[in-house]
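Below: the structure, in structure tokens.
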Amino acid sequence: MENTQKELMEKIISLCKRRGFIFQGSEIYGGLAGAWDYAHLGVALKNNIKNSWWKNFVENRRDMYGMDASILMRQEVWQATGHVDHFSDPMVECPKCKNRYREDHIQISDDGFQHCPEDEELLSTPKQFNMMFATKIGAVEDSSATSYLRPETAQGIFVNFKNTVDAFHPKLPFGMAQIGKAFRNEITPRDFVFRTREFEQMEIEYFVRADEWEKYFEYFRDEMLEWIEEIGIDMGKIHELEVSEEDRAHYSKRTIDFEFDFPFGRKELYGLAYRTDFDLNSHGLEYIDEEKGEKMVPHVIEPSFGVDRTVIALLASAYTEEDKDGDIRAYLKLKPSIAPIICAVSPLLKNKPELVEYANVKVFAPLKEIFGRVAWDDNGNIGKRYRRQDEIGTPWCIVVDFDTLSDDAVTVRDRDTGEQERVKVADLEEYIKERL
Ligand code: GAP
């Protein structure tokens, strides 16, 4: 059955709610626009994404230093980097319904003006709208107490550049990496977790000599593509966009967007920017090459990844429907390393204590201890359990039946092919490890 892209997105959003991946934020109070809550399976999926990223870009390398900086920073940080003056979007307002829209999201009508999508009123001329969330620190209500929730994790890295150099004495080129929340008061949050007001980023600031920036820009372009493929995003839907000067952030001399064909259109998934020496200069920071006795300001290559956009790109890549004589089987073809649950263990019948005990003690408990992401599922008949596990992307369902009691073997059913094979309980750990 062919879904339209709109239907596909509706199915993914509905699956996320029904099966416990992602819920609307503050839902019981009517929902909060641009805020989403990750539930049990969504957290597992996000953790697998973040762990894969951290392993690939930090742990497996010798030139990368991790950070987990505070979200709140002194307002001087954001004044120095130009975010207070420049981190804004042009916004137009409807005089009647008071809705606000990003100017670049509204088409120009045949009369040459922009009209409100709600009531067709003529929209106002654009005004700049700063997207940082301001807050007050402490009890004193003067301007010196103003702080901002960070709109990018990057600055938590730059302000710790000197501390990191002093602590680890890294030689150029080297990088600093961070995963964490960022906040933007988006005028029009939309498309599920694609554009939200609170989201997570995985960012690297890679410090290089000025004359080497092009080499490392190309290097990280390849590294990003390799990781995108490794986690299982559909490479046929990835496109690179050279961002024009007028569309680049104020700090960037070159940016490539990695776009993805989301069900709601081709849009930015990740960005790769050449930030020059803009940030270190803004903070008055420099680097001393001890061997050459030379003072300099390194230049920066910044690969920047959104965790939430990765979640949608993975779900859209993995969502599959199979028509078996009019009966639709929906499953998430996620890689075992990324799937929220690696395997589900079931006793064939839940009212047979000997099966339940065997499944629990000899199969579920040991696998749970080794792999963690193992589910116990004894709800409904076996067919229903398979359907449920397919829908959340569990690669293997393991069933303990009456034969197990005599042959110490279980049925392992494969999510993608539906094929089943008998595997000795003693070989299960190896069976899964080989395929992970
Ligand atoms: N430090 C550079 C930076 O923040 P960006 O292109 O504004 O650059 C980087 O953001 C990535 O963060 C984007 O490619 C996207 O994956 C994610 N991102 C940005 N704004 C977002 C939002 N409102 N909701 C969800 N993800 C967002």
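In each ligand, atom 1 is the first atom listed, and ligand 1 is the first ligand listed.
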- prompt: Could you give the distance from CZ (Phe133) to CD1 (Ile71), rounded to the nearest 0.5 Å?
  reply: 12.5 Å
- request: With His299 as reference, evaluate Trp213, Tyr274, Tyr206 under the side chain to side chain donor-acceptor pair (under 3.5 Å) test and give the passing residue.
  value: Tyr274
task: Tell me, please, which residues at least two apart from Asp104 pass salt bridge (charged side-chain N to carboxylate O under 4.0 Å, His left out).
output: Arg102
task: Sequence neighbours left out, what passes salt bridge (charged side-chain N to carboxylate O under 4.0 Å, His left out) with Glu7? Give chain and number order.
output: none
message: Is the positively charged end of Lys46 above the ring of Tyr38, judged by distance under 6.0 angstrom from the centroid and angle within 45° of the axis?
response: yes
query: How would you list, by chain and number, every residue that makes a salt bridge (charged side-chain N to carboxylate O under 4.0 Å, His left out) with Arg275, sequence neighbours excluded?
result: Glu152, Asp279, Glu302
task: Mind jotting down which protein residues get a heavy-atom contact under 4.0 Å with ligand 1? Chain and number order, please.
output: Glu152, Ala154, Arg184, Glu186, Phe194, Arg195, Thr196, Phe199, Gln201, Glu203, Tyr251, Glu268, Leu269, Tyr270, Gly271, Arg275, Glu302, Ser304, Gly306, Arg309
